[in-house]
Amino acid sequence: MPIHNADIAAIFEEIADLLEIQGANPFRVRAYRNAARTVGEFGRDLAALLARGQALPKIPGIGPDLARKIHEIASTGKSSFLERLHKELPETITELLHIPGLGPKKVKALYDQLKVDSLADLRAAAEAGRIRELPGFGEKTERHILEALAVRTDTARRFKRPVAAQYAEALAAALRAVPGVTRVEIAGSYRRCRETVGDIDLLVTAPDSAPVMARFTGYDEVAEVLSQGDTRASVVLRCGLQVDLRVVPESSYGAALAYFTGSKAHNITLRKRAQARGLKLNEYGVFRGETSIAGATEESVYAALGLPWIPPELREDRGEVEWAERGPLPTLITRADLRGDLHCHTKASDGANTLREMAEAARSRGLEYLAITEHSQRLRMVHGLDSARLLKQMDEIDRLNAELSGIVLFKGIEVDILEDGRLDLPDEVLGRLDLVIGAVHSQFDLPPAKQTARLLKAMDHPHFTILAHPTTRELDKRPPLEADWLRIIRHARERGCYLELDSQPDRLDLLDTWCRVAKEEGVLVAINSDAHSVHDFDDLVWGIGQARRGWLTREDVLNTRPLAELRPMLARTM
Ligand code: DGT
Ligand code: CA
Ligand code: CA
């Protein structure tokens, strides 16, 4: 049974969750979280490498102990350490950590005092009013828990796109190898680059569907076959991901691809448009009466409706059809448009690699510049830099810049925005940097007016350049800050600052809809990796997906500018 990097990552994540609930050393917890992230997004399939008898590649942050655990998981699918932890804490308890506001200490208290160890228990305890009685909880927490549980039912069981990618791409490759198969395409929300996907929709063309169906339902990761017909089937993979498959003839490939790419709302708008023109649109083609007039390609389907082809990321019924009818759609940004990256960490704070390693890795990814932006002093947990350490790093960067060719390092900082909007380092130090990115890492639940005032005040700082991961949301973990985002975006324009789109799969923050508002308001977005290791530059593709969903073009993005053009844009004059 193949083990994907995402499976290893999931086990490390769970270990980190359980250790955290047990109150283990925070550095140990962090080591597992970082390992989960690096392994989960590692470019090559580790289990496959090991199965071929190759050595485990050098991965930053993975020492001998974690390497041993990777070997064990890769060969058995399990971790004996995790099993040991499960003897101490029930398996379902980690679900509780995904309720906003429930940190490890609160989860432990709920378990110790109320025997709550699952979401069902949590709901029952909250509904019975038992949670408010625990010390440190109160009525407000209880209400927040019930609200969070109500929201959670719709978003639960969605997979992050980069995780789904590992399972879906492997399955697609297996189907491509079936004799007679001409095309395999992953459609649905995956193709639209949504940050999470509910299930995978696979579309295959082949003259004979039988061998495809046999390979699909017999795939070794299939845990359950939900339904099976001649040309369609649905299965659930071992990891819990559902996959729907359709096999279609070449002549209706384009129509089927358009239909199963969706979104549903986009499809409905297209179908109404077809009806208004006396046509019929379905997954087999576009028909006038009984005659098919289009269907083999997506372009032909859109053309039959009087439209240019619309990129999948725009198909959310957010005005794309009207826009396409009136004039050209935006030429969406691609990864190749990025000239640099303005947010990363090194060993000096919580990164895994040295300055030089990060610089060389960025250069090897085709980037011309890279900003080094460590955390600031308030974040002790991650060795945030104080003035003295930052000044020392600035000297190191000068030395490295003098020596390196093909890449320029910018001196920056990811400075904490304090509760009152002040920045966590003195002005005279911030003023010596090439750029200052500011970020919220605390006080996530201020009342909206206060939160807004905090961010506006931070931007008023004369050296403030970019607001990092603006809403601070983390998928499945933390909701976006409550604040007046339109006002913040307009303030950024007035102050000449920029907003970041952080490409980490958990963040993808700025969100797509706000990217579009930023564009309309004339505020440039910086698509950054927030890299904590040399591998994380690969995350930029996820940020690009989100940016495309936000209608961004090369012109709308700050770090598509060549070096000479960018430099003066970073300097604040106001
Ligand atoms: P997901 O899986 O929840 O992340 O989102 P999708 O968009 O992949 O949705 P899914 O898997 O239920 O269906 C795939 C596509 O099939 C969807 O985007 C549009 C199309 N589709 C599904 N149901 C309907 C429907 O009732 N009407 C129309 N017009 N299209 C549908
Ligand atoms: Ca889907
Ligand atoms: Ca589906």
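Along the sequence shown, residues carry numbers from 1.
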If we check side-chain hydrogen bond (donor to acceptor under 3.5 Å, both in side chains) with Asn528, which of these qualifies: Glu500, Gln504, His469?
Glu500
Are any of the side-chain nitrogens in Glu195 or Lys160 under 4.0 Å away from the carboxylate oxygens of its partner?
no
Kindly say whether Asp530 contributes a backbone atom to a donor-acceptor pair with the side chain of His532 at under 3.5 angstrom?
yes
So, taking the atom named CG in Leu433 and the one named NZ in Lys411, what distance separates them when rounded to the nearest 0.5 Å?
8.0 Å
Taking the six-membered ring of Trp485 as reference, does the NZ or CZ atom of Arg487 fall below 6.0 Å from its centre and within a 45° cone about the axis?
no
Does a donor on one side chain and an acceptor on the other come within less than 3.5 Å for Asp509 and Thr471?
yes
Using the six-membered ring wherever Trp is involved, compare the ring planes of Phe27 and His383 and label them parallel, tilted or perpendicular (cut-offs 30° and 60°).
parallel
Closer than 3.5 angstrom, by distance alone: can the side chain of Arg161 be matched with the main-chain N or O of Tyr190 as a donor-acceptor pair?
yes
Ion pair Arg378/Asp424, N-O distance below 4.0 Å
no
Under 4.0 Å between a side-chain nitrogen and a carboxylate oxygen: does that hold for Glu322 and Arg326?
no
Backbone of Thr513 reached by a side-chain donor or acceptor of Arg318 within 3.5 Å:
no
Between the side chains of Arg315 and Glu298, is the shortest nitrogen-to-carboxylate-oxygen separation below 4.0 Å, so that they form an ion pair?
yes
Check: Asp476/His98 side-chain N/O donor and acceptor closer than 3.5 Å:
no
For the side chain to side chain contact (heavy atoms under 4.5 Å, CB included) test, which of Asn559, Leu558, Ile437 pairs with Tyr498?
Leu558
Test: Arg33 and Glu20 ion pair at under 4.0 Å
yes
Arg191 and Thr261 side chains, donor-acceptor separation under 3.5 Å:
yes
Check this for me, if you would: do Arg422 and Asp460 make a salt bridge, where the nitrogen-to-carboxylate-oxygen distance has to be below 4.0 angstrom?
no
Under 3.5 Å: donor-acceptor pair, side chain of Asp539, backbone of Ser529
no
Determine the interplanar angle of the Tyr369 and Phe410 rings, folded into 0 to 90°, and report it as parallel if under 30°, tilted if 30 to 60°, perpendicular if over 60°.
tilted
Glu414 and His343: side chain donor to acceptor below 3.5 Å
yes
Charged N to carboxylate O under 4.0 angstrom, Arg194 versus Asp512?
no
Pair Glu419, Ser442 - check side chain to side chain donor-acceptor pair (under 3.5 Å), show working.
CA-CA 8 Å; Glu419 185 180 350; Ser442 62; over 6 Å; no
Is there a donor-acceptor pair closer than 3.5 Å between any side-chain N or O of Glu360 and the backbone N or O of Val534?
no
Hey, is Asp506 close enough to Arg37 for a salt bridge, meaning N to O under 4.0 Å?
no
Under 3.5 Å: donor-acceptor pair, side chain of Arg516, backbone of Leu552
no
Check whether Arg548 reaches the backbone of Thr334 with its side chain - one donor and one acceptor, N or O, closer than 3.5 Å.
no
Side chain to side chain, Lys519 and Pro330, heavy atoms closer than 4.5 Å
yes
Can the positive tip of Arg495 be found less than 6.0 Å from the middle of the six-membered ring of Phe464, inside 45° of the ring normal?
no
Output the distance between atom CZ (Arg473) and atom CG (Asp502), rounded to the nearest 0.5 Å.
10.0 Å
Looking at Arg365 and Asp341, is there a salt bridge between them, counting it only when a charged N and a carboxylate O are closer than 4.0 Å?
no
Main-chain N/O of Trp542 paired with Ser503 side-chain donor or acceptor, under 3.5 Å
no
Do the side chain of Arg549 and the main chain of Leu314 share a donor and acceptor less than 3.5 angstrom apart?
no
